[in-house]
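Worksheet: the structure to be examined is printed underneath.
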Amino acid sequence: MAKEFWIGDIKSGSYDGEEVELKGWIHRTRGSNKIRFVVVRDSTGTVQCVAKRDSLSEQDFQRISEALIESSVVVRGIVQATDREHGHEIQVTHATVIGPVNPERPFPITESAMVEADGGETEFLLDNRHLYLRTGRMTTMLKIRSSVFGAIHSYFRDRDFIEYQAPNFVSGAVEGGSTLFEVPYFGRKAYLTQSWQLYAEAAMPALERLYTMAPSFRAEKSRTRRHLTEFWHAEMEIAWASNDDVMEHGEGVVRHIANTILEDRESELENLGRDLETIGRFADSDYPRMRYDEAVETLQSKGVEIEWGQDLDYSKEKILTEDFEVPHFLTHYPRIAKPFYHRPDPDDPKYVLCHDLLAPEGYGEIIGGGERTWSEDEILERIGEEDTPTEPYEFYIDIRRYGGVPHGGFGLGVDRVCTWLAGAEHIREAIPFPRDSRRVTP
Ligand code: ATP
Ligand code: MG
């Protein structure tokens, strides 16, 4: 049953005049009782198959004529170059329906169903997500997403980073208690991890350069265009590194992702209406850096109400991105705005050595990172400033008791990067089964 021919390869012209065997699904079908035009889709593209009553057996013609959209088929025929829009056609000699579609339950995602949904299209498509995945836009997104994942792996592996896994059940928060998912754990409470970071720091003295790509979980109550409750988190941690060193890698990996999709996914980007020059700019430019204080001044000069010390939420990030055509870093947030693991700046301990990378075009934060508080005294002082119980962090403090070194890292939201690079409106477009506060099905 192995498949030898892929529809996408037809364009090369090297099959012209040859007989091939297509395996795929019916994308569209129309015609008369003499000739049927059946567009067949596989994961690589679509092609029109022309089935003439007198060119195939009566039974084959009958079955392919009756087969509904999304039936799976095996079609044999001769490849013919045409000057019509689709370029190539198959003159069918044999056709077998493998998995038919019951006429009582036709494929639900149709143009008329969308019209009927009348404003409820989004929910309709989310209810049918398992079927929506095979439509053109989602398939394109999933291919871009795969290239983004591949690019992140290759960036770190080419630089001798070790891929390292942390547990998903944890006992302490990284990103604050309000977004913790609590899970019953044999009569105790555990939480789903919000980040790999604390456990990565434990391996930092063993591996020195490490990274992961794994799901992180955050109970984000409000539904936004940029938050999922389960998202894919690419994180790195590096020993003997400053905030600047970590930013170099953040810039490096994002540029590498942009370069990779330009090389591997040009036609997919064009399908989505993404301008390739724009992606090229993300791939080639240096990313400017701005301190938090400067960002506050900029915002105030634009009439935004903000006080020094406040964290910058999305509404403010969005305004800041208006001044940039490429991603830009915000650094040196006030110490009071950031959790204990951010290292105070020795030059001015009112600030911490941290950074966020904001994507342009109003997309906002895609990376958060920085230098870690690395000495025992400093970590105890920082934890003491917060109302954080030390017990779940004992192991984290212990790491600092045995040869602490300067180190840092970042977390990159992979789904956010896919959303931005694909030019999508909403983060749920960039992940197969999006999870938010209202939806865990299908
Ligand atoms: P935000 O302020 O936008 O909620 P954050 O400051 O909580 O982000 P970090 O804790 O720094 O984010 O996480 C690192 C990266 O993970 C973020 O830059 C973002 O790209 C991604 N991220 C964080 N929360 C989510 C989420 N709920 N859904 C998708 N991606 C997320
Ligand atoms: Mg958050």
Side-chain angles (χ1 to χ4, degrees), residues 145 148-149 152 166 170 172-181 191-198 200 211-237 243 246-247 249-251 253-254 257 287 292 295 310-321 327-331 333-334 337-342 352-360 362-372 408-422 424-439:
R145 186 176 162 92
V148 171
F149 274 70
I152 293 170
V170 298
V174 185
E175 269 300 305
S178 68
T179 63
L180 267 182
F181 270 116
Y191 306 100
L192 294 180
T193 188
Q194 296 167 305
S195 161
W196 157 100
Q197 179 197 324
L198 303 188
Y211 84 101
T212 197
M213 256 195 294
S216 281
F217 304 90
R218 298 192 187 179
E220 313 275 2
K221 282 156 206 105
S222 53
R223 299 168 91 214
T224 77
R225 297 191 300 131
R226 327 161 52 246
H227 290 95
L228 297 163
T229 52
E230 174 180 348
F231 69 96
W232 282 80
H233 210 169
E235 298 186 78
M236 64 83 88
E237 199 65 35
N243 193 36
V246 176
M247 279 194 278
H249 283 294
E251 178 167 341
V253 74
V254 174
I257 295 168
Y287 297 172
Y292 169 91
Q310 276 180 310
D311 206 359
L312 304 175
D313 63 15
Y314 173 63
S315 64
K316 306 194 176 67
E317 285 175 16
K318 190 170 176 207
I319 296 167
L320 290 168
T321 70
H328 79 280
F329 284 104
L330 289 181
T331 67
Y333 278 64
K338 289 286 172 187
F340 63 87
Y341 53 78
H342 287 283
V352 287
L353 297 167
C354 72
H355 61 269
D356 282 355
L357 182 63
L358 309 192
Y363 281 93
E365 182 183 332
I366 49 173
I367 284 183
E371 229 173 289
R372 316 301 189 197
F410 66 71
L412 171 150
V414 186
D415 320 278
R416 277 196 195 171
V417 167
C418 295
T419 309
W420 161 55
L421 290 175
E425 286 274 306
H426 198 294
I427 194 165
R428 67 172 161 245
E429 293 184 60
I431 184 166
F433 289 95
R435 297 296 184 231
D436 67 23
S437 59
R438 290 228 307 254
R439 189 176 279 277

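This is a predicted model, so every value here is computed, not measured. The basis for the numbers below is simple: all heavy atoms, side chains too, and nothing from hydrogens, waters or symmetry mates. Both counts, for ligands and for their atoms, begin at 1 and track the order of listing.
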Any nitrogen or oxygen of [X], side chain or backbone, less than 3.5 Å from one on ligand 1?
{"X": "R218", "result": "yes"}
{"X": "L228", "result": "yes"}
{"X": "L412", "result": "no"}
{"X": "I427", "result": "no"}
{"X": "D415", "result": "no"}

Atom indices of ligand 1, in the order listed, that fall short of 4.0 Å to a heavy atom of [X]:
{"X": "I367", "answer": "18 (O)"}
{"X": "H227", "answer": "1 (P), 3 (O), 4 (O), 26 (C), 27 (N), 28 (N)"}
{"X": "E220", "answer": "24 (N), 26 (C), 27 (N)"}
{"X": "G368", "answer": "11 (O), 18 (O)"}
{"X": "H233", "answer": "13 (O), 14 (C), 15 (C), 16 (O)"}

Open item on the list: Can you classify the ring geometry of H355 versus F410 as parallel (below 30°), tilted (30 to 60°) or perpendicular (above 60°)?
Closed with: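 Aromatic pair H355/F410 classed perpendicular.
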- [ ] Assign the ring pair F329 / Y287 to parallel, tilted or perpendicular, where the plane angle (0 to 90°) is split at 30° and 60°.
- [x] tilted
Residue-level breakdown please: for [X] versus ligand 1, do any non-hydrogen atoms fall below 4.0 Å on the side chain, on the backbone, on both, or on neither?
{"X": "R416", "value": "side chain"}
{"X": "E365", "value": "both"}
{"X": "R226", "value": "both"}

Task: Short N-O contact, D436 and R439, less than 4.0 angstrom - done: no
Open item on the list: Do the side chains of R145 and D415 get close enough for a salt bridge, i.e. N-O under 4.0 angstrom?
Closed with: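 Result for this pair is yes, salt bridge flagged.
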Taking the side chain from [X] and the backbone from [Y], do they hold a donor-acceptor pair closer than 3.5 Å?
{"X": "K221", "Y": "S178", "answer": "yes"}
{"X": "R416", "Y": "I427", "answer": "no"}
{"X": "R218", "Y": "Q194", "answer": "yes"}
{"X": "E235", "Y": "W196", "answer": "yes"}

- [ ] Calculate, to the nearest 0.5 Å, the distance between atoms CH2 and CZ belonging to W420 and R226 respectively.
- [x]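 Interatomic distance, W420 CH2 to R226 CZ, rounded to 0.5 Å: 13.5 Å.
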